[in-house]
Amino acid sequence: MANISLQHIYKKYPNNYEAVKDFNLDIKDKEFIIFVGPSGCGKSTTLRMIAGLEDITSGELYIDGELVNDVEPKDRDIAMVFQSYALYPHMNVYDNIAFGMRFRKEPKDEIDRKVREAARILDLEPYLKTKPRNLSGGQRQRVAMGRAIVRNPKVFLMDEPLSNLDAKLRVQMRVEIANLHKRLGATIIYVTHDQVEAMTLGSRIVVMKDGVIQQIDSPDNLYGKPCNKFVAGFIGSPQMNFCDVEIVKEDEKVYAKTTDLHLLIPSDKAKKLEEQGYVGKTVTMGIRPEHVHNDPRLVEELTDSRFEADIAVYEMLGDDALMYCDLGGTRLTAKTNIDYAAREGEHVVFAADMAKSHFFDKDTELTITN
């Protein structure tokens, strides 16, 4: 397999639009790394530059220590799995997987061995004589992956391979891709706009916005220690709640205050806010819906971070429920166990787990307290 190094990579188009700006990343051998971000953030463009399908405007790309900026795609020893399956409809599964090897005139017995091994890994053995039209979406995507596997490449590049599948199939295929990575011990670079896919699949995640890397980190750190407001809002489902609060000091304690809120800030976070001169200033506070509680036991414990609100919208999610309320014009979402869920119009006492809160500078949007 392979190490990959991207050093100061830029992609600028003739109309002067910069799709990727100063992209720096070292990918270890056998690593499963995710590029994630909203549409148009540059993640697929970066993937295509690694594949050689897009020219690099400036910067250097190394694969196993070799500079490959000017190396043709076919000579980079990379296999790519696209969003579309691109299977030949008149060929069965066996022939679709074998097509590239036949084109390269590999020996027949070697082709047969590789096809059957890929089919075994991907649970496609019963379907080798089946045409694509008789396969499910997930099975078709596995065939597309089979074509990549038989090449035994240094690197697998996957560009939103699950976006055409329904929700249930996406969950199944996420598990299969994770298992595939373990079986092959391959270096995989995976592009998605779905942060749930990113959080469940990647050992490291690259969060991008407007062509710029925002944060490179583990799923745990992206969730618990986002470096800025964008990452905090993009990672996590439902999205983090944000509201502008004034930082005030009363009786040697520091609070986050609005017309409707008066929340005690834990000492470690309060110290950082004080040391950086934010007392008396307005900052953006963030707290995730799962850290806003109406369980009576938790509300009783979190006495210094209670607030009250009327429920505007209620959504059931099985064992959990989402409750939406308005606080001074700011929409707040709370995620709770269905046993404690309140319906539209009900008045609820909440408590915020301020140990899990985040604070961001209003101007720079950089985190203050992580």
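FYI, the numbering just counts along the sequence from 1.
A distance of 6.5 Å separates OG in Ser163 from NE2 in His193, rounded to the nearest 0.5 Å. Rounded to the nearest 0.5 angstrom, Arg142 CZ and Ile121 CD1 are separated by 12.5 Å. In this structure, Gln141 CD and Ile177 CD1 are separated by 7.0 Å, a value rounded to the nearest 0.5 Å. In this structure, the separation between CG on Asp310 and CG on Leu327 is 9.5 Å, given to the nearest 0.5 Å. Distance check: Leu273 CG to Lys249 NZ gives 11.5 Å after rounding to the nearest 0.5 Å. Here the CG atom belonging to Leu162 is positioned 7.5 Å from the OG1 atom belonging to Thr192, to the nearest 0.5 angstrom.
Between Ile9 and Leu61, the shortest heavy-atom distance links the atoms CD1-N, 4.1 Å. Here the closest non-hydrogen pair linking Ala342 and Tyr314 is O-CD1, 3.4 Å. The two atoms that bring Pro73 and Gly52 nearest to each other are CG-O, 3.3 Å, heavy atoms only. Between Cys243 and Leu261, the shortest heavy-atom contact is SG-CD1, 4.1 Å. Between Val150 and Ala118, the closest heavy-atom pair is CG1-CB, 3.8 Å. The shortest non-hydrogen separation linking Ala198 to Ile205 is O-CD1, 3.3 Å.
Taking the six-membered ring for Trp and the full ring otherwise, the centers of Phe35 and Tyr190 sit at least 6.0 Å from each other.
The closest side-chain heavy-atom distance from Ile4 to Asp26 is not below 4.5 Å. At a threshold of 4.5 Å between non-hydrogen side-chain atoms, the residues Phe360 and Ile368 do not count as touching. The side-chain heavy atoms of Asp217 and Arg204, taken from C-beta on, include no pair separated by under 4.5 Å. Inter-residue side-chain proximity for Ile213 and Phe23 is flagged as met; some heavy-atom pair is nearer than 4.5 Å. Under the 4.5 Å side-chain criterion, counting only non-hydrogen atoms from C-beta, Phe350 is in contact with Met323. Looking only at side-chain heavy atoms (C-beta outward), Asp159 and Met80 come within less than 4.5 Å of each other. Taking 4.5 Å as the limit, every side-chain heavy atom of Leu332 sits out of range of all side-chain heavy atoms of Asp326. Side-chain contact between Tyr340 and Arg297 is present, with heavy atoms from C-beta onward closer than 4.5 Å.
Remark: the Thr130 side chain and the Asn92 side chain contain no N/O donor-acceptor pair separated by less than 3.5 Å. Of the N and O atoms on the side chains of Asn228 and Gln215, not one donor lies less than 3.5 Å from an acceptor on the other residue. No hydrogens or angles considered: nothing links the side chains of Glu60 and His8 as a donor-acceptor pair under 3.5 Å.
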Residue pair His262, Glu250: steps toward the side-chain hydrogen bond (donor to acceptor under 3.5 Å, both in side chains) verdict: CA-CA 11 Å; His262 191 264; Glu250 301 171 357; 3.0 Å; yes

Would Glu197 and Arg174 satisfy salt bridge (charged side-chain N to carboxylate O under 4.0 Å, His left out), going step by step from the backbone distance to the final call? CA-CA 7 Å; Glu197 270 181 38; Arg174 283 205 304 266; 5.2 Å; no

Could you check Asp251 against Lys253 for salt bridge (charged side-chain N to carboxylate O under 4.0 Å, His left out), going step by step and ending with a plain yes or no? CA-CA 5 Å; Asp251 299 325; Lys253 293 182 179 180; over 6 Å; no

Output, in order, the C-alpha distance, side-chain angles, deciding distance and verdict of side-chain hydrogen bond (donor to acceptor under 3.5 Å, both in side chains) for Thr336 and Asn294. CA-CA 7 Å; Thr336 189; Asn294 71 325; 2.8 Å; yes

Tell me, with the steps shown, if Glu54 and Leu47 meet side chain to side chain contact (heavy atoms under 4.5 Å, CB included). CA-CA 9 Å; Glu54 290 271 5; Leu47 195 78; over 6 Å; no

Report the C-alpha separation of Leu25 and Ile33 in whole Å, then their side-chain angles, then the decisive distance to 0.1 Å, and conclude whether the side chain to side chain contact (heavy atoms under 4.5 Å, CB included) test is met. CA-CA 10 Å; Leu25 177 65; Ile33 197 156; 4.0 Å; yes

Are Met199 and Tyr223 close enough, and set up right, to give a side chain to side chain contact (heavy atoms under 4.5 Å, CB included), and what steps lead you there? CA-CA 9 Å; Met199 295 291 280; Tyr223 178 84; 3.8 Å; yes

Is there a side chain to side chain contact (heavy atoms under 4.5 Å, CB included) between Tyr255 and Val245 once you walk through the steps? CA-CA 9 Å; Tyr255 295 85; Val245 298; over 6 Å; no

Do Lys272 and Glu275 pass the salt bridge (charged side-chain N to carboxylate O under 4.0 Å, His left out) test, and can you show the C-alpha distance, the side-chain angles, and the key distance before you say yes or no? CA-CA 5 Å; Lys272 291 178 181 178; Glu275 288 176 346; over 6 Å; no

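Using a 4.0 Å cut-off between charged nitrogen and carboxylate oxygen, Arg104 and Glu106 count as a salt-bridge pair. Comment: Lys21 does not engage Asp210 in a salt bridge, judged by the lack of any side-chain N to carboxylate O separation of less than 4.0 angstrom. Using a cut-off of 4.0 Å between Lys/Arg side-chain N and Asp/Glu carboxylate O, Glu300 and Arg306 are scored as salt-bridged. Salt-bridge annotation for Glu18 and Lys11: absent, with no side-chain N of the basic residue lying under 4.0 Å from a carboxylate O of the acidic one. Between Arg120 and Glu117 there is a salt bridge, since a side-chain N of the basic residue sits under 4.0 Å from a carboxylate O of the acidic one. Using a cut-off of 4.0 Å between Lys/Arg side-chain N and Asp/Glu carboxylate O, Glu246 and Lys281 are scored as not salt-bridged. Salt bridge status for Arg343 with Glu346: absent, with no side-chain N to carboxylate O gap under 4.0 Å. Here Arg116 pairs with Asp112 in a salt bridge; the nearest charged N to carboxylate O distance falls below 4.0 Å.
Note on Met208 and Leu157: same hydrophobic cluster, where clusters join Ile, Leu, Val, Met, Phe, Trp and Tyr whose side-chain heavy atoms are under 4.5 Å apart, directly or indirectly. Residues Ile247 and Leu366 are members of separate hydrophobic clusters, defined by side-chain heavy-atom contacts under 4.5 angstrom among Ile, Leu, Val, Met, Phe, Trp and Tyr.
The number of heavy-atom neighbours closer than 6.0 Å to CG of Asn134, taken from other residues, nucleotides and ligands shown, is above 12.
Side-chain N or O atoms of Lys269 include none that pairs as donor or acceptor with a backbone N or O of His358 at under 3.5 Å. The closest donor-acceptor contact from the side chain of Asn3 to the backbone of Asp64 lies at 3.5 Å or more, if one exists at all. Looking at Thr333, its side chain never comes within 3.5 Å of a backbone N or O of Tyr324 through a donor-acceptor pair. Using modelled atom types, one side-chain atom of Arg140 and one backbone atom of Pro132 make a donor-acceptor pair closer than 3.5 Å. Under the 3.5 Å distance criterion, the side-chain polar atoms of Asp260 are left unmatched by any main-chain donor or acceptor of Phe307.
Screening Asn96, Asp95, Val115 for a side chain to side chain contact (heavy atoms under 4.5 Å, CB included) with Leu128, the sole residue that qualifies is Val115. With Val155 as the partner, the side chain to side chain contact (heavy atoms under 4.5 Å, CB included) test is satisfied by one option alone out of Ile78, Asp77, Ile188, Ile50: Ile78.
Between Phe99 and Phe103, the ring planes are parallel. Angles under 30° get that label, and only those over 60° would be called perpendicular.
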